[in-house]
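Treat the numbers as computed from the prediction; the structure is a model and nothing was measured. Each chain gets a letter, A, B and so on, in the order the sequences are listed, and its residues count up from 1.
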Amino acid sequence: EAQVTQNPRYLITVTGKKLTVTCSQNMNHEYMSWYRQDPGLGLRQIYYSMNVEVTDKGDVPEGYKVSRKEKRNFPLILESPSPNQTSLYFCASSLEGFHNEQFFGPGTRLTVL
Amino acid sequence: QQQVKQSPQSLIVQKGGISIINCAYENTAFDYFPWYQQFPGKGPALLIAIRPDVSEKKEGRFTISFNKSAKQFSLHIMDSQPGDSATYFCAVLNRLAFGKGNQVVVIP
């Protein structure tokens with residue numbers, strides 16, 4: 001089944017404890033991105049990647065890191081999480097970029113205490 | 001900076017009625033205008049999209065209309081059903097910037 005998977009789906013952590021949210025797609029998509037969703041603010045892009053080894057900042061990159069060493073994986077790294085990073089995170093992928101249908105993962109709900 | 005503005009923020013419609021939600025954008029260079037639908041607890045999914053060389057596109061009960069001069073595109077949901085209750089996001093293609101979403105509630 002063609003899909004985008006994220007792990008973990010739910011995570012409660014404490015301030016300053018490094019964490020990684022994994023994202024993987026099995027559709028051979030070139031483009032991948034991360035969004036956070038907060039009430040009243042909609043979806044805001046954190047980082048995106050047009051292809052392997054190519055990543056760029058989105059609208060809200062502060063406090064996040066990403067890497068794209070393989071085409072299928074695009075992990076989101078929070079080196080020192082803070083409470084303002086409590087949010088619902090979505091990974092998405094598409095065939096070639098912005099002009100194609102974005103396929104979203106199921107989301108990761110992160111709480112930073 | 002916000003490149004798309006959605007209105008109304010929320011909408012309550014009677015079953016069988018027409019839901020209309022709007023998306024206004026700023027940059028005239030955009031050339032792909034999608035609407036995504038999100039149900040509670042799920043990720044967004046593409047509902048319908050239009051390119052500016054056409055003014056309207058219909059897929060079942062969903063119609064997207066595009067007004068280039070007004071820099072606006074709209075989603076019409078005909079014969080709205082309770083299963084259409086969701087949040088709808090428009091997006092424009094500068095790194096794919098999403099609007100804040102329109103919450104549509106269809107009451108029986």
Side-chain angles (χ1 to χ4, degrees), chain A residues 1-7 9-10 21 23-25 27 29-50 54-61 66 74 76 87-109, chain B residues 1-11 21-27 29-54 57 59 62 64 66 73 75 86-104:
Chain A
E1 180 190 356
Q3 60 183 349
V4 178
T5 56
Q6 294 180 227
N7 283 292
R9 293 290 313 279
Y10 303 90
V21 183
C23 172
S24 184
Q25 50 91 7
M27 295 170 279
H29 284 172
E30 292 188 351
Y31 178 88
M32 298 185 75
S33 64
W34 276 102
Y35 296 87
R36 61 178 289 175
Q37 184 173 25
D38 302 289
L41 297 178
L43 288 161
R44 293 182 293 167
Q45 192 176 52
I46 303 171
Y47 269 95
Y48 67 99
S49 170
M50 297 296 286
V54 180
T55 62
D56 276 298
K57 295 178 180 179
D59 295 313
V60 289
V66 293
F74 191 44
L76 180 69
S87 187
L88 179 59
Y89 292 86
F90 288 102
C91 179
S93 73
S94 73
L95 189 59
E96 289 182 332
F98 314 129
H99 294 74
N100 301 114
E101 178 178 0
Q102 304 290 312
F103 291 85
F104 283 81
T108 295
R109 185 165 293 281
Chain B
Q1 68 279 11
Q2 188 181 1
Q3 300 181 63
V4 288
K5 292 185 179 179
Q6 296 187 228
S7 62
Q9 187 173 0
S10 61
L11 182 66
I21 49 181
N22 303 298
C23 184
Y25 61 95
E26 297 173 353
N27 190 326
F30 302 139
D31 63 355
Y32 175 69
F33 301 92
W35 281 99
Y36 282 77
Q37 180 187 54
Q38 184 183 30
F39 294 108
K42 303 288 186 184
L46 179 67
L47 179 65
I48 189 171
I50 197 170
R51 298 194 185 274
D53 52 345
V54 296
K57 180 177 180 181
E59 290 184 0
F62 299 92
I64 185 171
F66 178 70
F73 59 110
L75 179 68
T87 300
Y88 294 83
F89 293 96
C90 65
V92 291
L93 281 305
N94 183 9
R95 295 181 288 103
L96 200 62
F98 285 89
K100 293 185 178 182
N102 305 91
Q103 186 173 19
V104 174

Note: A:F90 and B:Q38 closest approach over all heavy atoms is CZ-NE2, 3.4 Å

Begin from the C-alpha positions of A:Q102 and B:Y36 and carry the test side-chain contact (heavy atoms from CB on, under 4.5 Å) through to its verdict.
CA-CA 9 Å; A:Q102 304 290 312; B:Y36 282 77; 3.2 Å; yes

Is it the case that atom CZ in A:R109 sees more than 12 heavy atoms from other parts of the structure closer than 6.0 Å?
no

So for atom CD, which belongs to B:Q9, do other residues, nucleotides or ligands contribute more than 12 heavy atoms lying within a distance under 6.0 Å?
no

Only counting residues at least two apart or in another chain, list the ones meeting side chain to side chain donor-acceptor pair (under 3.5 Å) with A:T108.
A:Q6

Under the side chain to side chain donor-acceptor pair (under 3.5 Å) test, residues paired with A:E30 that sit two or more places apart:
none

Whatever's closer than 4.5 Å to a heavy atom in chain A on B:Q103 counts as neither

To the closest 0.5 Å, what do you measure between CZ (B:F89) and OH (A:Y35)?
11.5 Å

